[in-house]
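Side chains included, hydrogens not; waters and symmetry mates left out as well; all remaining heavy atoms used. In what follows, chains carry the letters A, B, and so on, assigned in the order in which the sequence lines appear, proteins first and then strands, with residues in each chain numbered from 1.
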2 protein chains.
Amino acid sequence: MFRLAAKMDARSKLLDAALSVIRHKGYSASTVDELCSAAGVTKGAFFHHFKSKDELGVAAADHWSATTSAMFAEAAYHRHADPLDRVLAYIDFRKSLITGGLPDFTCLVGTMVQETYETAPDIRDACDRSISGHAATLVADIEAAMAERDMVATGLTAQSLALHTQAVLQGAFILAKAKGGADVAKSSVDHLRRYIELLFGRTPAA
Amino acid sequence: MFRLAAKMDARSKLLDAALSVIRHKGYSASTVDELCSAAGVTKGAFFHHFKSKDELGVAAADHWSATTSAMFAEAAYHRHADPLDRVLAYIDFRKSLITGGLPDFTCLVGTMVQETYETAPDIRDACDRSISGHAATLVADIEAAMAERDMVATGLTAQSLALHTQAVLQGAFILAKAKGGADVAKSSVDHLRRYIELLFGRTPAA
DNA sequence: CTCGCAACGTACCAACTAGTCGGTATCGAG
DNA sequence: CTCGATACCGACTAGTTGGTACGTTGCGAG
């Protein structure tokens with residue numbers, strides 16, 4: 001039979017709990033027991049669904065990718081006619097997401113990859129898939145915007161600019177965590193927007 | 001008597017070891033035992049110098065600040081006559097540091113703050129001091145460059161641009177860790193340079 | 001209904017964790 | 001020399017860690 005999960009099963013509860021707990025405390029400091037109690041599930045259920053803590057880490061990153069990509073796919077910034085407008089609207093959308101508590105708007109995979117890039121290659125790969133996969137959704141629009149302005153000869157690639165947007169966002173989250181507030185992050189996103197406006201020859205707003 | 005430390009004492013060895021071990025495995029995953037054996041020191045020495053693991057975390061962040069700030073103070077990028085040239089040379093310098101293995105060029109405090117921003121306020125503050133303090137060393141040059149071009153009215157502040165440079169660097173490190181290579185990071189630093197060139201009305205090189 | 005299997009729950013363990021505690025070595029002051 | 005203080009050692013502990021063993025429940029197939 002197929003698995004429509006009308007009722008939330010232990011696996012889903014664990015994955016959702018993982019997103020929250022790991023974003024609060026980091027991956028290593030998140031214990032299996034804590035993950036279980038946050039999910040309202042016993043340890044037996046945990047190791048029934050995941051062979052190890054690391055396997056949950058991979059699944060959590062994949063779950064994060066699925067959740068966020070669904071959210072961005074539905075977002076309104078795609079509706080602009082001009083490709084550059086879509087890119088700028090994406091940035092604005094990202095900025096609008098920076099609200100509430102730090103664990104609510106920071107990135108799970110950005111946090112996890114810092115702790116696991118050397119010790120858990122599977123998790124690192126899952127984090128890379130998440131970040132690079134999301135960046136890839138921007139490439140087409142950036143490429144179209146570049147083509148309209150024959151910027152191809154500049155040596156600058158759409159792929160590299162797409163990755164740069166993610167770097168700025170990840171860095172903005174780190175600064176926000178260090179300073180304990182969201183303002184720095186928003187300000188950095190403003191700089192990113194201004195960069196793209198300047199790059200594509202549009203006069204910055206403010 | 002004053003403490004000239006002709007011979008490396010246990011405290012210094014522990015701090016140096018901490019920089020290395022934590023950059024490899026993150027803060028939480030770095031155990032006290034491992035820190036000790038990496039430093040060639042016993043556990044007794046550890047808890048003689050530090051009341052707790054968290055206290056070492058704070059000391060490690062401070063030690064990182066001291067080490068890096070000494071290095072940047074001596075660097076050649078200060079020697080340019082024009083303030084904007086100094087800022088751009090700083091960026092080039094940062095890019096030139098991105099070589100070798102990932103644990104060698106990534107940032108200790110950027111790694112630590114992600115794991116501890118909620119659970120260990122003392123460590124978070126130490127990380128903030130390190131990042132914000134380093135950013136502050138750029139403010140004067142950015143301000144001078146802005147003044148020369150009467151950019152003050154734009155609402156853009158030197159402080160915010162200085163912090164943005166750090167955000168880009170931190171984000172570049174995360175991307176590098178995710179992709180397992182330094183190239184993404186360098187590319188992001190190139191974007192940062194181009195932004196500043198465009199912002200200050202200088203034609204980008206490549 | 002029975003069978004079988006996936007989805008859990010409970011009790012448990014070996015290894016590891018941060019931190020302690022009594023002891024020793026060294027060194028400068030008096 | 002003695003005295004005291006600082007630096008360091010290493011065995012120990014109480015609690016925690018990821019992971020296991022085994023029992024129970026529920027549910028769809030035949």
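The aromatic rings of Tyr77(B) and Phe93(B) sit tilted, their planes meeting at an angle between 30° and 60°.
For Arg11(A) and dG9(C), the CZ to C1' distance is 19 Å, given to the nearest whole Å. Separating the CD atom of Glu55(B) from the P atom of dA18(C) is a distance of 15 Å, rounded to the nearest angstrom. Put simply, CD on Glu34(B) is 16 Å from P on dG19(C), counting in whole angstrom units. Atom pair Phe50(A):CZ and dA7(C):P shows a separation of 11 Å (rounding to whole Å applied). Residue Leu14(B) contributes atom CG, which lies 13 Å from atom P of dA18(C) at whole-angstrom precision. Between the NE2 atom of His48(B) and the C1' atom of dA18(C) there is a distance of 18 Å, rounded to whole Å.
A salt bridge links Asp62(B) with Arg129(B): the distance from a Lys NZ or Arg NE/NH1/NH2 to an Asp or Glu carboxylate oxygen falls below 4.0 Å. Residues Arg202(B) and Asp85(B) are paired through a salt bridge, judged by an N-O separation under 4.0 Å between the basic side chain and the carboxylate. Ionic pairing of Lys177(A) and Glu118(B) is not present here: no N-O contact between side-chain nitrogen and carboxylate oxygen is shorter than 4.0 angstrom.
A donor-acceptor distance shorter than 3.5 angstrom exists from the side chain of Arg86(B) to the backbone of Ala81(B), with no hydrogens or angles considered.
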Filtered N/O pairs between nucleotides 18-20 of chain D and protein, under 3.5 Å:
| from | atom 1 | to | atom 2 | distance (Å) |
| --- | --- | --- | --- | --- |
| dG18(D) | OP2 | Val32(A) | N | 2.9 |
| dG18(D) | N7 | Lys43(A) | NZ | 3.0 |
| dG18(D) | O6 | Lys43(A) | NZ | 3.3 |
| dG19(D) | OP2 | Lys53(A) | N | 2.9 |
| dG19(D) | O6 | Lys43(A) | NZ | 2.7 |

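Set against dG9(C), dA6(C), dC8(D), the side chain of Asp9(B) has dC8(D) as its closest nucleotide.
Here the closest heavy-atom approach between residue Arg11(B) and residue Ala59(B) is recorded as NH2-CB, 4.2 Å.
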